[in-house]
Amino acid sequence: MISRLYTVSATLTAVIMATSEHEAEIRFKSDFGEIKDQPIDAVADGEIRAEADLPGDWTVDCLPYCPRDNALTIGEFLDVLPPLVVRDTKTVDMFEATPAAGEKA
């Protein structure tokens with residue numbers, strides 16, 4: 001799976017590298033799961049696809065929270081991020097009701 005960047009908000013806001021929003025929440029909770037023995041409720045706020053999506057004081061020069069072997073800054077990561085694939089769901093069922101050649105409608 002391809003890792004992506006997500007903002008995760010709680011008492012803290014962090015940029016997490018993960019393959020999905022769910023994984024971003026899990027990673028956040030594992031790294032910041034408790035502060036002074038109080039659990040943190042973390043919610044992923046959405047994928048970061050551009051510098052404008054960065055929260056607060058985060059910049060493209062920052063390192064995202066992720067596995068320890070990451071050396072990419074947020075900007076470097078965004079530069080190699082594959083294009084967003086948007087499926088056209090309006091035509092998914094279009095052919096389902098159309099009879100095949102030779103079939104009666």
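Computed from a prediction, not measured in an experiment: that's the story for all the values here. Atoms considered below: every heavy atom in the structure, side chains included; atoms not considered: hydrogens, waters and symmetry mates.
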Problem set entry | Interatomic spacing from CD1 in I48 to CG in L54 - rounded to 0.5 Å | 5.0 Å

Exercise. How long is the gap from CD1 on I74 to CG on L63, to the nearest 0.5 Å?
Worked result: 8.0 Å

Exercise. Atom OH of Y6 and atom CG of D53: how far apart are they, to the nearest 0.5 Å?
Worked result: 12.0 Å

Problem set entry | T73/V60 under side-chain contact (heavy atoms from CB on, under 4.5 Å): CA gap, chis, key distance, verdict | CA-CA 7 Å; T73 65; V60 293; 5.9 Å; no

Exercise. With sequence neighbours left out, what residues match I26 under side chain to side chain contact (heavy atoms under 4.5 Å, CB included)?
Worked result: H22

Problem set entry | Residues that E25 engages under salt bridge (charged side-chain N to carboxylate O under 4.0 Å, His left out), provided they are two or more places apart | none

For this session: Mind listing the closest non-hydrogen atom pair of A18 and A24 along with its distance?
Result: CB-N, 3.5 Å

For this session: Could you tell me which non-hydrogen atom of S3 sits nearest to which non-hydrogen atom of M17, and how far apart they are?
Result: CB-CG, 3.6 Å

For this session: Could you give me the CA-CA distance, side-chain angles and deciding distance for R4 and R49, then say whether side-chain contact (heavy atoms from CB on, under 4.5 Å) is met?
Result: CA-CA 8 Å; R4 300 186 182 280; R49 303 238 10 124; 3.0 Å; yes

Problem set entry | Heavy atoms from other residues, nucleotides or ligands near CG of D79 exceed 12 (cutoff 6.0 Å) | yes

Problem set entry | Heavy-atom closest contact (L72 atom, P64 atom, distance) | O-CD, 3.5 Å

For this session: Could you pull out the closest heavy-atom pair between E76 and A71, with the gap in Å?
Result: OE1-O, 3.8 Å

